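A short worksheet on the structure shown next.
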Amino acid sequence: MQQKLNLYNTLTRKKEEFEPLHAPFVGMYLCGPTVYGEPHLGHARSAVTFDVLYRYLKYQGYKVRFVRNITDVGHLENDADEGEDKIAKRAKLEHLEPMEVVQHYTNVYHQDMDKLNVLRPDIEPRASGHIIEQIEMIQEILGNGMAYEVNGSVYFDVQAYHKNNKYGKLSGRVIEDLMANTRDTEGQSDKRSPLDFALWKKASPSHIMRWPSPWSDGFPGWHLECSAMSRKYLGTTFDIHGGGLDLMFPHHECEIAQSQASNNHTDAAKYWVHNNMITVNGQKMGKSLGNFINLSELFSGNHAMLEEKYSPMTIRFFILQAHYRSTLDFSNEALQAARKGYTKLMNGLNVLKKLQYPEDGAGIAPDAKLNEDLLKLTEDCFRGMNDDMNTARTIASLFNLLKKINSLHLGQLNIAQLERGTFDTIRSTYGELVLNVLGLQEEQVGDMDDMLHLVLGFYKEAKENKAYDKVDAIRAELKKQGIVIKDMKTGIDWAYEE
RNA sequence: GGUAACGUGGCCGAGUGGCUAGGCUCAGCUCUGCAAAAGCUGCUACAGCGGUUCGAAUCCGCUCGUUACCUCCA
């Protein structure tokens, strides 16, 4: 059995056993959102994927420092020199201060992530709050001869860097190919080479967001903030750097270059982890294609592509049912299936709460084979997690375990046939994986047991009196509340409707 | 054009050489006043062609198809 977590490292293109640099401490950085618009399903996937990694590492006993930034400056519309800052553009459109835009969409992001039960990071730094650190880093890179200043702007010199380093090591790009295929800047740029990227940009007179620097009043380049902030809070080398696959090039490639060219002289992170994209009809969901669905639209059902609204936990389960490195295709059918699967898993949690291990032993001998099988199922759950965080496999194993749990509840299997230890292991594994690691939570009203106990009393009475019209009425009323009655040999119980 | 992936049953989606993925859907059975729930059983698979192998969805080659990155994107 794989005891240890294995992670696919984009840098080596291999699954590697996770070994922290300074156990038990783990440093983890995730590229957060640029807060100029509503978060969509793609943001959710990235956040949920690394939330599960964060949770699982903590579950394994590591002391994790998780940093996820907020990009509030420097992210330009395009690579051209006249590219507009995304946030400034939005601010102009809505007649707001840029920081109002930033605050608004940061709040929305937090609210949506809270709904998805994504844990808040330990540190959530903003790019605009770390201008000094970014300037320092630029000075280091200039000092090491791998950047140059032109007209108040500073650019990273990719070719100078490439002499002693390998630009393209993360994304697998070949610099010569990039040179041959990159669009010509037609002499309009200050850059020496189209591959070079901005570390500092001089602000045009109309540009609102600006800070003083040794070179000009201006603003930092997009790639720089992650390098500066990850170093400040996690050190020159840390364990895990995450992000969406679309950030691999150029963003993460540039981060590595900046880190190597600064006084760090490291790749920044030991493990580079990338989640794949969400697709719609096989095409990437993205801003440029205009086929993205905001989280608020998913939660409310208010979007032309949506047949109904989908709860946050349905979304979370939908994301977790696929492996994070596969593309995941959006469809109403898939989300409806996810909703039912999620509910089934949560009903299992309620069943488990009610199961009691018989104290008297009841004189029944434990079934060795059964115990072995059940323990194997619990191990399978972890085997899935350890194999590159394969939550799809973990969930499949949980469903296998759930069948057994339901059989115990139904009396088809006798709890007394289990060893006490087996029973406890099942209960804790199922509960902790579902709630703490996968981060799924109950969405329905919490403790309805007391109230339902009363109703079920009436139900039982009506049944015993064969007052079936009354029985049917109770069932119908509860069904309206999303509760279904389960008549079993062993008694009457309830469950959420799937 | 360059680079990297992918193509699994009605739908979604795991699975890198031999051992049941799983969820949803559909059909049947058990239970049941009727249901529901749950359990059990079944139904459709590995794009095509060739090769390696005792044995391939899994390795190799070719063909077809799809996508991503190379410009902002999680």
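Below, chain A is the first sequence line, B the second, and so on; all start at residue 1. This one's a predicted model, so the numbers in the text were calculated from it and none came from an experiment.
- Rounded to whole Å, atom P of rA37(B) lies 16 Å from atom NZ of K354(A).
- Note that CG of D246(A) is 10.0 Å distant from CE of M248(A), once rounded to the nearest 0.5 Å.
- Distances from the side chain of R45(A) to the nucleotides rA38(B), rA74(B), rC69(B) place rA74(B) closest.
- Ranking rG23(B), rA37(B), rG13(B) by closeness to the L328(A) side chain, first place goes to rG13(B).
- Separating the C1' atom of rU52(B) from that of rC12(B) is a span of 34 Å, rounded to the nearest Å.
- Both F399(A) and H43(A) lie near RNA chain B, and the one whose nearest nucleotide falls closer to the 5' end is F399(A).
- Set against rG39(B), rG33(B), rA14(B), the side chain of A392(A) has rA14(B) as its closest nucleotide.
- Between the P atom of rG15(B) and the CG atom of D388(A) lies a distance of 9 Å, rounded to the nearest Å.
- Following rounding to the nearest Å, K15(A) (NZ) and rU16(B) (P) show an atom-to-atom distance of 6 Å.
- Considering only side-chain atoms of R173(A), the nucleotide from rG2(B), rA36(B), rA14(B) that sits closest is rG2(B).
- In this structure, H274(A) and W272(A) have parallel ring planes: the angle between them is below the 30° cut-off, well short of the 60° mark.
- The residue A334(A) sits close only to the backbone: its heavy atoms come under 4.0 Å of sugar-phosphate atoms, none of a base.
- In this structure, L247(A) reaches the sugar-phosphate backbone alone: every heavy-atom distance under 4.0 Å involves primed, P, OP1 or OP2 atoms, never a base.
- Comparing rA14(B), rC40(B), rA36(B) by their closest approach to the side chain of V484(A) singles out rA36(B).
- The CZ atom of F292(A) lies 11.5 Å from the CG atom of L41(A); values are rounded to the nearest 0.5 Å.
- A sub-4.0 Å separation between OP1 or OP2 of rC24(B) and a side-chain N or O of K344(A) is present.
- Separation of the P atoms belonging to rA57(B) and rU16(B) is 14 Å when rounded to the nearest angstrom.
- R383(A) places its CZ atom 13 Å from the C1' atom of rA21(B), with the value rounded to the nearest Å.
- A search for side-chain hydrogen bond (donor to acceptor under 3.5 Å, both in side chains) contacts involving E38(A) returns S296(A), not counting sequence neighbours.
- The P atoms of rC11(B) and rC60(B) are separated by 28 Å, rounded to the nearest whole Å.
- In this structure, the nucleotide among rG23(B), rA74(B), rC12(B) sitting nearest to the side chain of I278(A) is rA74(B).
- Nucleotides rC31(B) and rA36(B) place their C1' atoms 12 Å apart, quoted to the nearest Å.
- For rG23(B) and rG15(B), the C1' atoms lie 15 Å apart once the distance is rounded to whole Å.
- If you check rC29(B) for Watson-Crick or wobble pairing at under 3.5 angstrom, you find it paired to rG39(B).
- Of the candidate nucleotides rG33(B), rG15(B), rG39(B), rG15(B) has the atom nearest to the side chain of R393(A).
- A close approach under 4.0 Å does not occur between any side-chain nitrogen or oxygen of K486(A) and OP1 or OP2 of rU32(B).
- Contact between the side-chain N/O atoms of S326(A) and the OP1/OP2 oxygens of rA14(B) is found at a separation under 4.0 Å.
- When the side-chain nitrogen and oxygen atoms of N390(A) are compared with OP1 and OP2 of rG15(B), one or more of them lie within a distance under 4.0 Å.
- Comparing rG22(B) with rG2(B), their P atoms are spaced 43 Å from each other, to the whole Å.
- Pairing partner, rU20(B): none, since no Watson-Crick or wobble contact has both distances short of 3.5 Å.
- Partner I315(A) forms a side chain to side chain contact (heavy atoms under 4.5 Å, CB included) with one of D112(A), V48(A), L298(A), L320(A) and no other, that one being L298(A).
- Using bins of under 30°, 30° to 60° and over 60° for the plane-to-plane angle, the ring pair H223(A)/H251(A) lands in the tilted bin.
- rG7(B) and rC64(B) make up a base pair, with Watson-Crick or G-U wobble contacts both under 3.5 Å.
- Rounded to a whole Å, the NZ atom of K479(A) is 8 Å from the P atom of rA37(B).
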